[in-house]
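Report on one structure; see the data block that follows.
Since the model is a prediction, treat every value here as computed from it, not as a measurement. Residue numbers run from 1 in the order of the sequence given. Side chains are part of it too, since the values below use all heavy atoms of this structure and drop only hydrogens, waters and symmetry mates.
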Amino acid sequence: IGTVKLADGVIATATMVSKKAKLIAFSDHYKQIVPEAYEADIKYVINRADVRKSEMKKEEIAGMGETLKAADENDRLNLTGIEISAYASPDGELDLNTRLADQRQKTAEKYLAGQLKKADIEVADELMSMLYTPEDWEGFKKLMEASDIQDKEMILRVLSMHSDPVVREQEIKNLTAAFEVIAEEILPELRRSKYTVNLEKIGWSDVELKELWTSNQDTLVLEELLYLATLVDDNETKLAVYNKAVAVAPKCVRAHNNKGVVLFKLGKTEEAEASFAAAKALKDHDNINNNLGAVALKGDDVAGAKELFTASLGAGDKVNYNLGIVNIIQGDYQAAINYFGNSPSYNLALAKYLNGDVEGAWRTASEVEESPYRAYLLAVIAANQDKPDAMYSNLEKAALTCKDPQY
C-alpha cells in the first residue's frame with residue numbers, strides 16, 4: 001500500500017531526567033572532646049620573687065583552685081597539663097632578669113604544690129611544664145599595642161630597631177623616664193608568673209546522645225541536637241530532633257534549614273519551603289537559596305530554580321549538579337555535562353546520550369547504582385547501539401522493578 005504518514009514522531013528521552021535536586025544541610029559544631037584552658041597570674045614587686053598574700057587571695061587564683069578540684073572530681077573533665085611560665089620585665093640587666101625569672105618560676109611552683117597538697121590533689125610529674133623568660137619583649141609589645149599611650153607606634157618602632165638586649169634595655173629606661181605611664185602601667189604587668197591549666201571537657205558519646213534523646217531531651221543543647229540528627233537514620237526522628245533544635249534556638253539558621261531538608265525528603269514540600277524561608281529571613285545564604293531552588297524545581301518553576309541555583313553557586317558541587325538538571329530540561333546538554341562534572345550519575349549518563357555520546361553514556365550508566373530508571377536508560381542506549389539482547393534484558397528489568405506509574 002506504500003508509505004503512509006500517520007503522525008510526526010516525538011523523541012521523549014529528555015523527559016527521563018531525574019528532577020531530584022540535591023539539598024544542602026549545614027554542619028554542626030559539636031565536638032565530643034573540647035580543649036579548655038584556665039589562666040591565672042601572680043604579680044611580683046620589682047626585683048622581688050616572693051608570692052605576696054594579696055596575690056594568693058585574688059579571685060583568679062581561687063578560680064584556678066576550683067578548676068583543679070573540678071578536674072579531680074569530675075569524670076568528664078580531664079587534666080592534660082599545667083604550665084607555669086615566669087617572666088621579668090625588660091627594663092633591668094639581663095643577668096638580674098634571668099635570676100628573677102628563674103626564682104619567680106620556683107616560687108610559683110612551690111605555691112601551687114602547696115595548694116595541691118592542701119586540696120589532696122595529685123598531679124603526675126609529666127603533666128607539669130616549667131618555663132621562664134628573662135625579658136618579656138613579646139608581652140611588652142602586646143601590652144603597648146593594646147594601650148592608649150600616645151606615640152606607642154613610634155616607641156615600638158624604636159625598640160624594634162635594636163636587637164642587642166643591652167641597647168634595648170637602655171632604650172626602655174630612656175622611654176620610662178620620658179613616659180611615666182610605661183613604668184606605672186606596662187612594666188608591672190610583666191613581672192609575673194602565669195599558670196595555665198589545660199583540660200579536656202568530655203562530651204556525650206554517640207550512644208549517650210541517643211539515650212538522652214529517649215530519656216531526657218531537655219538536657220540537650222543546640223550543637224548536641226544538630227549532631228544527634230546526623231546519627232539518626234529515620235527521617236521522622238530526624239524531624240523531631242530538628243524541631244527540638246528550633247525550639248531551643250529559634251534564631252538558628254542551621255536548625256531551620258536542616259529541618260527543611262528533612263521535610264523535603266519526607267515529601268512535605270510546602271512545609272519545607274516555609275522552613276527554608278524562615279532560615280533565609282535570619283540570613284541570606286547560598287545553602288538556603290539552593291534548597292529553595294530545589295523546591296522551585298519540584299514545582300516545575302524551572303526559571304525560578306535556575307535563578308536560585310545561579311545565585312548560590314558558592315555552595316559547591318551540589319549546586320552545579322542542580323544546574324545540570326536545569327540545562328537538560330532546557331535542552332543544553334553540553335552545558336549539563338559540564339555542570340555534572342566527572343562523578344557518575346544517572347543524569348550525567350542521560351545528558352551524554354542526549355548529546356550524542358552513546359558509548360560514554362553506556363559507560364557512565366554502567367557505573368551508577370541499579371534502579372529501574374537506569375535499566376530503562378540502558379535499554380534505550382542498547383537499542384541505539386543495535387544490541388537487542390541488552391535492550392530486552394534491561395527493559396525487562398525496568399518493567400519488573402519500576403513502581404512509578406508514568407513508566
Side-chain angles (χ1 to χ4, degrees), residues 37-65 68 81-118 121 123-147 149 152 155-198:
Y38 185 93
E39 295 183 351
D41 280 357
I42 287 178
K43 300 292 194 311
Y44 298 94
V45 176
I46 186 170
N47 294 336
R48 298 286 296 275
D50 54 305
V51 179
R52 294 170 291 163
K53 289 184 178 180
S54 59
E55 293 297 305
M56 301 178 193
K57 295 178 180 179
K58 289 197 307 187
E59 187 175 333
E60 61 187 277
I61 297 297
M64 179 179 68
L68 290 167
I82 301 176
E83 300 172 9
I84 300 177
S85 303
Y87 304 86
S89 59
D91 55 325
E93 295 181 359
L94 182 59
D95 289 344
L96 172 62
N97 286 338
T98 301
R99 289 195 301 272
L100 270 175
D102 180 43
Q103 290 167 5
R104 287 170 179 172
Q105 180 235 292
K106 290 175 180 176
T107 58
E109 181 184 1
K110 183 178 179 181
Y111 171 73
L112 178 61
Q115 295 302 301
L116 291 172
K117 184 176 181 180
K118 188 185 297 183
I121 298 173
V123 177
D125 291 341
E126 58 267 25
L127 295 181
M128 300 295 296
S129 175
M130 309 297 169
L131 175 70
Y132 68 85
T133 303
E135 296 188 331
D136 189 10
W137 288 105
E138 285 301 317
F140 180 85
K141 181 180 177 182
K142 184 176 180 181
L143 288 175
M144 284 293 292
E145 288 174 342
S147 73
I149 295 174
K152 61 183 179 183
I155 296 169
L156 290 170
R157 190 163 56 250
V158 169
L159 292 176
S160 67
M161 293 169 61
H162 305 288
S163 57
D164 187 331
V166 175
V167 177
R168 282 204 294 191
E169 287 165 15
Q170 186 57 50
E171 290 293 342
I172 280 285
K173 291 176 182 177
N174 295 339
L175 291 170
T176 303
F179 301 95
E180 292 184 5
V181 68
I182 295 177
E184 294 174 357
E185 297 181 9
I186 302 296
L187 297 179
E189 294 297 312
L190 303 176
R191 301 166 187 138
R192 73 201 193 281
S193 285
K194 183 175 75 173
Y195 296 108
T196 304
V197 180
N198 294 307

Which residues pass the salt bridge (charged side-chain N to carboxylate O under 4.0 Å, His left out) test with Arg48, not counting sequence neighbours?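 Once residues adjacent in sequence are excluded, the partners of Arg48 under the salt bridge (charged side-chain N to carboxylate O under 4.0 Å, His left out) criterion are Asp50.
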
Glu185: salt bridge (charged side-chain N to carboxylate O under 4.0 Å, His left out) partners, not counting sequence neighbours: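 Partners of Glu185 under the salt bridge (charged side-chain N to carboxylate O under 4.0 Å, His left out) test: none.
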
Could you tell me the separation between the [atom1] atom of [X] and the [atom2] atom of [Y], rounded to the nearest 0.5 Å?
{"X": "Met128", "Y": "Leu112", "atom1": "CE", "atom2": "CG", "value": "5.0 Å"}
{"X": "Ser193", "Y": "Lys106", "atom1": "OG", "atom2": "NZ", "value": "12.5 Å"}
{"X": "Ile149", "Y": "Ile182", "atom1": "CD1", "atom2": "CD1", "value": "5.0 Å"}
{"X": "Ile186", "Y": "Lys142", "atom1": "CD1", "atom2": "NZ", "value": "12.5 Å"}
{"X": "Leu143", "Y": "Glu138", "atom1": "CG", "atom2": "CD", "value": "11.5 Å"}
{"X": "Thr133", "Y": "Tyr87", "atom1": "OG1", "atom2": "OH", "value": "5.0 Å"}

What salt bridge (charged side-chain N to carboxylate O under 4.0 Å, His left out) pairs are there with at least one residue in residues 188-198, not counting sequence neighbours?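 Residue pairs passing salt bridge (charged side-chain N to carboxylate O under 4.0 Å, His left out), neighbours aside: Asp41-Arg192, Lys43-Glu189, Asp91-Arg191, Asp136-Arg192.
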
Taking every non-hydrogen atom, the tightest pair across [X] and [Y]:
{"X": "Glu60", "Y": "Tyr38", "answer": "O-OH, 2.8 Å"}
{"X": "Ile61", "Y": "Met56", "answer": "CG2-O, 3.7 Å"}
{"X": "Ser89", "Y": "Asn97", "answer": "O-ND2, 3.3 Å"}
{"X": "Ala88", "Y": "Ala101", "answer": "N-CB, 4.3 Å"}
{"X": "Tyr44", "Y": "Ala49", "answer": "CE2-O, 3.2 Å"}

Member of Lys57, Lys53, Lys58 meeting the side-chain contact (heavy atoms from CB on, under 4.5 Å) criterion with Glu55: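 Looking at Lys57, Lys53, Lys58, the match for Glu55 under the side-chain contact (heavy atoms from CB on, under 4.5 Å) is Lys58.
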
When you compare the side chain of Ile84 with that of Tyr195, does any pair of heavy atoms fall below 4.5 Å?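 Tyr195 vs Ile84: side chains touch.
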
With side chains defined as the heavy atoms from C-beta onward, is the minimum distance between Tyr132 and Asp102 less than 4.5 Å?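 Yes, at least one pair of side-chain atoms sits under 4.5 Å.
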
Under the 3.5 angstrom rule, does the side chain of Thr196 hit a backbone N or O of Glu83 as a donor-acceptor pair?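 Such a contact is absent between Thr196 side chain and Glu83 backbone.
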
